[in-house]
Amino acid sequence: MRKAIIVSAPSGAGKTTIVKYLLKAIPELAFSISACSRSKREGEINGKDYYFLPLDEFKRRIENDAFIEWQEVYPGSFYGTLKSEIERIWKEGKVPIFEVDIVGGLNLKNYFREQALSIFIKPPAFEDLEKRLRIRNTESDADILKRITKAEFELTFAGKFDRILLNDEISAASLKATELITAFLNS
Ligand code: 5GP
């Protein structure tokens, strides 16, 4: 059976760090590169960070049913997973790993069903989530509040994932995630 791994979390719960760790720890995994319609930021590489598509091209591909899932994450900015990306990874004999938000994660699980292991990374407490967001220092106070409100809402979906992983300590959580995924890949 061709498999896939989904890692989702509220913003600031540590999912990027855990996914980077997993990509090193489990050589079978390959990061699934999303397509998006926003413009490239400085330092980003087309085909590595994202497949950057002009909006009309993105919409054309929606019409052609080229996406497993897509979302208008911000008004006018579309993001999604191309079917061709998963085929590319499977052809290489690898297992795609998705780092997506909660809704994206649920949509992917709905598509892959038992082929996918979906993991919800849970921040230990909201106080802690707020601290992490402040340390990251990329968001204003208003944005942090917005993200926490969103995270509270997103936490209500945790039970819809196959596994919930409490991230109270990043290295322990990374190891636990490695164990869960290895067991799933060997099953
Ligand atoms: P950014 O523009 O900061 O790179 O990403 C913005 C948002 O897009 C993030 O919340 C991220 O989770 C979401 N995103 C990235 N790729 C995908 C995707 O393939 N599908 C969906 N639904 N959301 C995505």
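Both counts, for ligands and for their atoms, begin at 1 and track the order of listing. Just so you know, these numbers use all the heavy atoms, side chains as well, and skip hydrogens, waters and symmetry mates.
Checked by distance only, ligand 1 and S34 come closer than 3.5 Å through their nitrogen or oxygen atoms. The distance criterion of under 3.5 Å between nitrogen or oxygen atoms is not met by W70 with respect to ligand 1.
The closest protein non-hydrogen atom to atom 24 (C) of ligand 1 is Y79 CB, 3.6 Å. Looking only at heavy atoms of the protein, atom 4 (O) of ligand 1 is closest to Y50 OH, 2.5 Å. Nearest non-hydrogen protein atom to atom 22 (N) of ligand 1 is Q71 OE1, 2.7 Å. For atom 12 (O) of ligand 1, the closest non-hydrogen atom of the protein is D101 N, 3.5 Å.
In this structure, the side chain of T182 engages the main chain of T178 through a donor-acceptor pair within 3.5 Å. Listed for the K109 side chain is no donor-acceptor partner under 3.5 Å among the backbone atoms of D162. The backbone N or O of K3 lies less than 3.5 Å from a partner atom in the side chain of W90, making a donor-acceptor pair.
Distance check on atom 7 (C) of ligand 1: some protein heavy atom falls below the 4.0 Å cut-off. For atom 17 (C) of ligand 1, a protein heavy-atom neighbour is present inside the 4.0 Å cut-off.
Listed by first then second residue, pairs satisfying salt bridge (charged side-chain N to carboxylate O under 4.0 Å, His left out) with a partner in residues 176-187 read K176-E179, not counting sequence neighbours.
The aromatic rings of Y79 and Y74 lie perpendicular to each other, with more than 60° between the two planes, well past the 30° mark. F98 and F112 have tilted rings, their planes meeting at an angle from 30° to 60° on a 0 to 90° scale.
Atoms of ligand 1 lying under 4.0 Å from at least one heavy atom of T81, given by number and element, are 19 (O). Close contacts of ligand 1 with E69, meaning ligand atoms under 4.0 Å from a residue heavy atom, involve 18 (C), 19 (O), 20 (N), 21 (C), 22 (N). The Y74 neighbourhood of ligand 1 comprises atoms 6 (C), with distances under 4.0 Å to a heavy atom of that residue.
Checking E99, E44, E72, R41 against atom 3 (O) of ligand 1, the nearest heavy atom belongs to R41.
Residue V73 touches ligand 1 through its side chain alone, judged by heavy-atom distances below 4.0 Å. Contacts of F98 with ligand 1, taken as heavy-atom pairs under 4.0 Å, are absent altogether.
The structure places CG of N107 at 11.5 Å from CD1 of I102, a figure rounded to the nearest 0.5 Å. Atoms OG and CG, from S37 and D56 in turn, are 10.0 Å apart once rounded to the nearest 0.5 Å.
R134 and N137 share no donor-acceptor pair across their side chains, judged by distance under 3.5 Å alone.
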